[in-house]
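To start, the structure itself, in structure tokens.
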Amino acid sequence: MLQPEVVQLRTEGRDEQQERRLSESEEGNNPFSFTPQIIRLHKDHELFEDGDIHRHMYLQDLYISEAEDKPALSVSEFACHISGCSAVFSALEEYEHHYNALHRHVCCSCRRSLPSARLLDIHIQEWHDSLFTILAQKQDMYQCLVEGCGQKFRTSKHRKDHLIRIHKYPPDFRFDKTKKERGKEQKDAAMEMVDDVCESEGVCEVMCNSPSDEPEGGESMETHECEEKASTEDVLAAAQDTEGTSTVPRKPQYSYRIPNTVCFGHGSVRGFGGRRGRRK
Amino acid sequence: MWRLNKVRHKAGRPGGSLEELRLKRRENERALRQARRDRQLVSKRLLLNEDEEQLDVSMDTAPGGHDIVSLLHKLQHSGTDKEAHLKALSKVLRDPSAQLTFIKHENSMHLLVGLLTGSNAQCRLQAVRCLHELSHSSHTNVAPACLPATPYLLTYLSGPSTKFTELCLYTLGNMCPDSDVVREKLLAQGIIPALASCIENQRHNLAVVEAAAFTLSQLLQARDAPEKIIPMVLKSTLPSHLLSVLTPDPQFGLAPAIECAWCLHYLICSTEDNKELLAQGALSQCSSLLVSLGGAVTEGNKEDGLELLIWPLLRCVGNLLSSCPVEDLNAHLSDAHLPASLCALVQAYLHTLPALARETVWVLNNLTAHSTEFCSALLTLNLVPGLIQLLPFSQGINTMILRILANIAHKKKEFCVKLMQLSLLSALCATLKMADQEMVIRSLDILFMMTVSSPVVAEEFVRQGGLSLLEVLQYNGAAEMRQRSTYLLEKHLLSYQQHITVDNMPDP
């Protein structure tokens, strides 16, 4: 990183903009500290290395014209900045794909990541909306997951049968877990709340809800299992492949934990999307 | 440019394939880099004989020792043919082991100096050629052995013979880096005034000027130069001579200008306050020359070796700007084309010499840091879109570009709006996702300045979906990113909501 050697603060006559900013900085909490700086470089500065080498190669009779010698020009990488996610990408599209697949449609209540806004809406409705539970006792509330089908069913089992029979879905479709299985999941969800977002989100977690054999404290085992399963069944294969993270669970790089009350996805209080999940 | 012309022949040399040449180059480059890191970057130049096309490394390792001894014997005792013996000696002395043998031999230097100062002109020439070969040695104890010759070499600098003077100069130049003792003696013997009057008197003779400037550059790179050498040089007439040679002669070529430019660079970067050089017009000359070189490059006239001149000029301008008060900038930089030329240089060298492009954007930063005028120029000359397109390139380029854009945003509200109109916001939405923390923090800085400048900008950022980017950063591990994004969001919320309630409240 370039270390500026001389800081010259000269004011040419402040205009409105600078006045406004100055008054802001006087408020005390303003973390922004950029000021324009002239950077002076001494003879041995590392920035001068390549040019010096070029010069001396010429002196030593080893000059090569630029046409013959092509040094590599580097391009910046992108990285997912969600705390705990250490994925790195060489292209912006890869980053977007990763983000959309794993971080965008996230349920605030249980941290599950769903692949689309629609499935997220349905999930929130069926799992976290008490009104839905009440209504479902009297009406057909369970929507078919296939967009455009429009049919509704009294129970999730009915819907599942419909999905398998009519739409030829696999019987263990990940995004159609019943609420009953959630009993165990709530415990897991509680454990997951402590994890960093990236490890608890993702397709795998939705899979690991079968009330089978999950040891209480085995968070790392759980995610490891999940990731193994995820790698064999490729719903989001593309996302898993292109993102930079390996399938080995990584210790979160930052110790800063996100409080339970904060969520980046759907229904986030902070976002301006509003309560999309609730209101239609 | 005699040097580069000679180098081109290397490609066709017998016994050396192109691949071997490349390997050798790479090895040498690695060695040079290590030497620079150790602060021991030193080069010497060898002036070839007229009959030599290129440096013939593949020498037969004949017993040089014997040759030396017998040649010295012949020189001491034979009356005639001294010239032929000297010539033979100079050829033998190209071999490193022969060089060591020579200096170990008693009275050898005494003999040589005698011939150097004798009445036979041809012998003098051959004697200085022998000294030149010795000076090129990579053994650091060879040069000090040549010290007895230096007072004479210095005296001969004002002589009429071009070839002879060149040899003297390059010999002295090669000796400078080898030891403190050598430099002390040379300084005491008046090398600086000698170089000054040499350049002054031989101003028309560009080969000599090139050699003198090379010698000076060797002195200026010494570790103790800032204390011991540079003040003396600044007091002499050398700076003004160097400046006068900067513009390359179209016939002779770039070489003398290249040497002078590097001398100026060493002078400037080793001095805190360059007001004397500024007063002598260094900034205006270097910048005008950069403008014309930038113009040449834009027209596709990128001759080989041009970057050897551009590089030191960039550094001179970059560092001189730190000594120039912003009020005086216009006096020194009357040529308003400098920003455009700099941008042209970046584009021209980005892929072939990224380090050069990086130094060019460094100069742009220094130009725009405190000058509203130059920031405005970047906007009015429509140079900003080109800069924004450079944001993907790392290793110091994009971070410096963000500095430049921040310099612009920092000056005026109107500039921020203009930057928004040039799609800077969407570029920032991409840079905010980069892995490099400095890029993210700098992007946040710019974003802050822009949103504070006008609600139009804030709205546009929100419209482009920027808020979710900031939300993500709020919980990032780095405190600088967390603090900035949180602060920005909280300010946004306020201003955005205000904007909604005041301006576009839906009708009931």
Side-chain angles (χ1 to χ4, degrees), chain A residues 1-2 6 8 10 12 15-17 20-21 24 29-32 34 36-44 47-66 70-71 73-79 81-83 88 92 95 253-254 256 258 262 264 270-272, chain B residues 4 7 25 28-29 32-33 36 39 41 43 45 55 262 266 269-270 304 308 311 319 321-322 326 350-355 359 362 365-366 369-370 372 392-396 398 406-407 410 412-413 430 433-436 438-439 445 448 452-453 467-468 471-473 475-477 483-484 487:
Chain A
M1 185 159 154
L2 201 57
V6 166
Q8 289 183 1
R10 296 181 199 270
E12 284 171 48
D15 78 336
E16 260 182 77
Q17 157 115 315
R20 195 164 160 193
R21 240 184 280 121
E24 267 208 52
N29 290 329
N30 187 341
F32 292 98
F34 175 82
Q37 285 172 337
I38 289 192
I39 298 170
R40 214 183 86 87
L41 298 173
H42 61 85
K43 180 168 81 75
D44 299 311
L47 201 85
F48 283 163
E49 178 176 316
D50 284 7
D52 284 352
I53 300 304
H54 200 89
R55 150 77 172 166
H56 280 264
M57 298 282 274
Y58 159 75
L59 288 178
Q60 294 190 10
D61 222 9
L62 293 162
Y63 176 82
I64 267 192
S65 77
E66 46 168 340
K70 289 216 183 299
L73 178 62
S74 331
V75 169
S76 277
E77 291 184 314
F78 297 92
H81 289 299
I82 298 233
S83 180
V88 171
L92 193 55
Y95 165 92
Q253 288 186 350
Y254 311 121
Y256 194 92
I258 303 174
V262 175
F264 302 123
R270 295 215 89 144
F272 282 100
Chain B
L4 286 186
V7 169
R25 259 195 95 249
N28 280 312
E29 190 180 319
L32 282 172
R33 282 192 194 273
R36 189 183 187 273
R39 303 276 203 262
L41 186 57
S43 294
R45 295 189 101 174
L55 196 55
W262 282 95
Y266 296 132
C269 69
S270 308
D304 266 358
L308 289 164
W311 230 313
N319 277 327
L321 283 170
S322 73
V326 71
L350 180 66
H351 293 278
T352 50
L353 291 170
E359 291 191 33
W362 160 63
N365 168 71
N366 283 6
H370 301 312
T372 307
F393 302 111
S394 60
Q395 290 190 330
N398 52 13
N407 291 346
H410 190 266
K412 279 188 176 175
K413 280 197 308 198
K433 296 167 186 160
M434 283 183 176
D436 181 351
E438 199 188 333
M439 284 299 285
D445 287 343
F448 169 65
V452 156
S453 72
L467 289 175
S468 56
E471 283 171 1
V472 165
L473 288 171
Y475 296 93
N476 185 277
Q483 289 159 0
R484 283 168 168 77
Y487 188 89

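Just so we're on the same page: letters track the sequence lines, and every chain starts at 1. Because the structure is predicted, anything quoted here is derived from the model rather than measured. Any value given below was found using the heavy atoms of this structure, including those in side chains, with hydrogens, waters and symmetry copies removed.
Classified by interplanar angle (parallel below 30°, tilted 30° to 60°, perpendicular above 60°), the ring pair A:Phe32/B:Tyr487 is perpendicular.
Checking side-chain atoms of B:Asn319 against main-chain N and O of A:Leu41 turns up a donor-acceptor pair under 3.5 Å. Side chain of B:Asn366 to backbone of A:Ile39: a donor-acceptor contact under 3.5 angstrom is found.
For the set B:Ala355, B:Ala406, B:Ser270, the entry with the most heavy-atom pairs within less than 4.5 Å of chain A is B:Ala406.
In summary, A:Asp50 and B:Arg33 engage in a salt bridge, as defined by a charged side-chain N under 4.0 Å from a carboxylate O.
Separating the NE2 atom in A:His56 from the CD atom in B:Glu29 is a distance of 13.0 Å, to the nearest 0.5 Å. The structure places CG of B:Leu41 at 9.0 Å from CG of A:Asp44, a figure rounded to the nearest 0.5 Å. Rounded to the nearest 0.5 Å, atoms CG (B:Asn28) and CD (A:Gln60) are 6.5 Å apart.
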request  = Test side-chain contact (heavy atoms from CB on, under 4.5 Å) on A:His42 and B:Cys269 and set out the steps.
outcome  = CA-CA 5 Å; A:His42 61 85; B:Cys269 69; 5.7 Å; no

request  = Quick one: do B:Trp262 and A:Asp52 satisfy side-chain contact (heavy atoms from CB on, under 4.5 Å)? Show the steps, please.
outcome  = CA-CA 10 Å; B:Trp262 282 95; A:Asp52 284 352; 3.7 Å; yes

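Screening B:Thr352, B:Leu350, B:Leu353 for a side-chain contact (heavy atoms from CB on, under 4.5 Å) with A:Leu73, the sole residue that qualifies is B:Leu350.
In this structure, the portion of A:Leu92 lying under 4.5 Å from any heavy atom of chain B is its side chain and not its backbone.
Between B:Asp445 and A:Phe34 the shortest heavy-atom distance is OD2-CB, 3.7 Å.
Geometric assessment of B:Arg36 against the ring of A:Phe48 yields a negative cation-pi assignment under the 6.0 Å and 45° thresholds.
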